[in-house]
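The analysis underlying the following values was restricted to heavy atoms, covering all of them including side chains, and did not include hydrogens, waters or symmetry mates. The structure presented is a predicted model; accordingly, all values stated were derived computationally and were not measured. One is the number of the first residue; the rest follow in order along the sequence.
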Amino acid sequence: MASPTISSNYTTFIKKDVGLSAFSLSPSSFSVPKTKRRNSRKIVSVMAPQQSPRSPSTTGSVKTAMTMTEKILARASEKPQLIPGENVWVDVDILMTHDVCGPGSFGIFKKEFGQNAKVWDREKIVIIPDHYIFTNDERANRNVDILRDFCTEQNIKYFYDIKDLGNFKVNPDYKGVCHVALAQEGHCRPGEVLLGTDSHTCTAGAFGQFATGIGNTDAGFVLGTGKILLKVPPTLRFVMDGEMPDYLLAKDLILQIIGEISVSGATYKSMEFVGSTVESLTMEERMTLCNMVVEAGGKNGVVPADSTTHKYLEDKTDVPYEPVYSDEQARFLSEYRFDVSKLEPLVAKPHSPDKRALARECKDVKIDRVYIGSCTGGKTEDFLAAAKVFHASGKKVKVPTFLVPATQKVWMDVYSLPVPGCGGKTCSQIFEEAGCDTPASPSCGACLGGPRDTYARMNEPQVCVSTTNRNFPGRMGHKEGQIYLASPYTAAASALTGFVTDPREFLQ
């Protein structure tokens, strides 16, 4: 298993003023001894090497180099520059909430601002029912009703409603999983600040923006003011180079990273992804990469916007946006380098996303089911990848295989897009031939467990290979269930054998 190189092209330092963050000190205010070059797995507090002395600017203060995240927050707080650890009031571009957290957020908004208060901007609030939708649970259904009542009262422009639960296709406004719908509907834009009442809001960082999850109380305040108080996070930089093997997906990359730094290794830090491998990824794969930064404790994940980003957004938004990029001399807390060409398919064993293991090392683990779906692994390209494995094998699945498209658009793609290299067949045709369950109505499905009648929920203590993002006890239902997190390639390969399986068994 390839390990990263942690760059030592930095200068370590000792804080001279106890109680002050080293990032609040000017490089010129203290001398910094050089250290020897070395490789280490330990995450250390580091900063960029001192620059050669220069004369002070005659037109103002000397500009400090900043990371992408620092630049976005500086612009949103109308500050010329920011450093990690600063607390600033930030203007919010988009606030998203859904059926689980929306009702609570609305309640706080009304309590604090008044029963007749109006939101700060009805066109900057996006409300997406997606979690507990296709259920007979009365409380879950009531949550969607509360969303609808609030949106009617506030004249919210972007409410993706669903009224007929019997047939999602007759609900033209209904989308599905919020994080995928935000991208598909053009609400994700480079350089902006996007907040959501869901921890996986960090997915939108794939578009070169600051995106993070917040709680109901913060959301209630944002609803009324359009502002939030944020502490500027330091940034970890992940440089991924090398040609991506045709048996790997972005899910393998992020599992590699989380396995390396642990589920607390990026706590309240920004994770910036760069390198030739990242540049080669599609937007949906970049979304997978950023989606799971919160599983490492990250505040946000971010990928620099490029031609791939701009092309994706061409027909999705007419709102002007301005990308930002890290300065060459920006300060990174640590830098990790990976040669992706040497990586192998991975899984995360129960019950933590950082319990990294090679898929081939788990070949004796017998499984009961496979689940392909969620904001992490339920996008169009995820289903195309799974279909590719099923088609290459020519076999039928040996365990129940559940398919939950993230959004209505993904569901349509599953039934209409031909899978490359598969003779014009669509995903749905290949899934049917392989004996998979019929693709379900688009939603978060069983990822969070949900009411007992949720499709594909684990109501028994089973072993599941899943393309979702968390494998904590009870995550998909039963508290004694065991979840192996994997890419769509590995999930499909495992469905075909009934054991955790390296996809190279069918792709090579």
Side-chain angles (χ1 to χ4, degrees), residues 69 71-79 87-130 143-161 173-175 178-205 207-230 300 305 313 316-324:
T69 292
K71 283 187 176 183
I72 293 171
L73 296 182
R75 186 161 68 190
S77 60
E78 299 182 353
K79 302 283 187 180
N87 294 307
V88 290
W89 286 102
V90 171
D91 291 327
V92 178
D93 293 293
I94 294 291
L95 172 68
M96 181 279 298
T97 190
H98 49 53
D99 55 296
V100 173
C101 296
S105 300
F106 302 158
I108 292 169
F109 165 73
K110 287 178 174 292
K111 177 184 177 182
E112 299 300 330
F113 292 92
Q115 290 299 314
N116 298 318
K118 293 297 182 181
V119 297
W120 105 96
D121 191 328
R122 73 176 192 87
E123 295 189 7
K124 292 187 175 183
I125 297 166
V126 182
I127 298 180
I128 309 177
D130 66 346
N143 275 357
V144 180
D145 293 339
I146 293 172
L147 297 187
R148 187 178 303 113
D149 292 344
F150 185 82
C151 290
T152 299
E153 170 194 303
Q154 298 287 336
N155 194 25
I156 300 297
K157 183 175 182 178
Y158 299 109
F159 172 44
Y160 299 108
D161 195 9
D173 292 334
Y174 178 69
K175 302 304 173 186
C178 57
H179 309 301
V180 181
L182 281 169
Q184 292 176 342
E185 299 304 311
H187 298 298
C188 300
R189 294 178 288 267
E192 293 191 353
V193 173
L194 185 153
L195 305 178
T197 57
D198 189 290
S199 59
H200 291 105
T201 302
C202 52
T203 304
F207 290 84
Q209 64 183 138
F210 179 85
T212 195
I214 60 174
N216 291 2
T217 303
D218 280 340
F221 184 82
V222 174
L223 283 168
T225 66
K227 296 180 180 294
I228 190 171
L229 182 65
L230 289 175
N300 69 301
L313 292 173
K316 293 180 174 62
T317 182
D318 56 5
V319 176
Y321 57 82
E322 185 180 349
V324 298

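One distance of note links OG of Ser199 with NE2 of His179; it measures 6.5 Å at 0.5 Å rounding. With values rounded to the nearest 0.5 angstrom, Ile94 atom CD1 is found 7.5 Å from Tyr158 atom OH.
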Which pairs of donor and acceptor atoms, one on a side chain in residues 219-229, lie under 3.5 Å apart (sequence neighbours left out)?
residue: Thr225; atom: OG1; partner: Phe221; partner atom: O; Å: 2.9
residue: Thr225; atom: OG1; partner: Lys227; partner atom: N; Å: 3.1
residue: Thr225; atom: OG1; partner: Lys227; partner atom: O; Å: 3.4
residue: Lys227; atom: NZ; partner: Asp91; partner atom: OD1; Å: 2.4

Under 3.5 Å, which donor-acceptor pairs link side chains of residues 119-130 to any protein atom two or more places apart or in another chain?
residue: Asp121; atom: OD1; partner: Glu123; partner atom: N; Å: 2.9
residue: Arg122; atom: NH1; partner: Asn155; partner atom: O; Å: 2.8
residue: Asp130; atom: OD2; partner: Cys178; partner atom: N; Å: 2.8

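Nearest heavy atoms, Leu313 versus Pro190: CD1-CD, 3.5 Å. Between Gly215 and Thr197, the shortest heavy-atom contact is O-CG2, 4.3 Å. Among all heavy-atom pairs drawn from Ala211 and Asn300, the shortest one is O-CB, 3.4 Å. Heavy atoms only, all atoms of each residue included: Gly102 and Leu147 are closest at CA-CD2, 4.0 Å.
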Might you work through the side-chain contact (heavy atoms from CB on, under 4.5 Å) test for Leu230 and Phe210, ending with a clear yes or no? CA-CA 11 Å; Leu230 289 175; Phe210 179 85; 3.7 Å; yes
Show, in sequence, the C-alpha distance, side-chain angles and deciding distance for Ile72 and Val193, and conclude whether the side-chain contact (heavy atoms from CB on, under 4.5 Å) test is met. CA-CA 7 Å; Ile72 293 171; Val193 173; 3.9 Å; yes
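Residues passing the side-chain contact (heavy atoms from CB on, under 4.5 Å) test with Lys79 are Ser77, Leu82, Val88, sequence neighbours excluded. Partners of Tyr174 under the side-chain hydrogen bond (donor to acceptor under 3.5 Å, both in side chains) rule, at least two apart in sequence or in another chain, do not exist in this structure. Considering only residues two or more places apart in sequence or on other chains, His200 meets the ring-ring contact (aromatic ring centres under 6.0 Å, His included) condition with none of them. Qualifying ring-ring contact (aromatic ring centres under 6.0 Å, His included) partners for Tyr321, counting only residues two or more places apart in sequence or in other chains: His310. Partners of Arg75 according to the salt bridge (charged side-chain N to carboxylate O under 4.0 Å, His left out) rule, which considers only residues two or more places apart in sequence or in another chain, are Glu322. Every residue two or more places apart in sequence or in another chain that forms a side-chain contact (heavy atoms from CB on, under 4.5 Å) with Glu185 is listed here: Tyr160, Lys175, His187. Considering only residues two or more places apart in sequence or on other chains, Gln154 meets the side-chain hydrogen bond (donor to acceptor under 3.5 Å, both in side chains) condition with none of them.
Residue pairs meeting the salt bridge (Lys or Arg N to Asp or Glu O under 4.0 Å) criterion with at least one member in residues 190-201, sequence neighbours excluded, are Arg189-Glu192. Within the structure, salt bridge (Lys or Arg N to Asp or Glu O under 4.0 Å) contacts touching residues 147-159 (residues at least two apart or in different chains) are Lys110-Glu153, Arg142-Asp149, Asp145-Arg148, Arg148-Asp161. Each salt bridge (Lys or Arg N to Asp or Glu O under 4.0 Å) pair with one or both residues in residues 93-108, not counting sequence neighbours, would appear here, but there are none.
Taking a 6.0 Å sphere around NZ of Lys316, one finds it holds more than 12 heavy atoms contributed by other residues, nucleotides or ligands.
Contact annotation: the side chain of Ile214 approaches that of Leu95 to within less than 4.5 Å [non-hydrogen atoms, C-beta and beyond].
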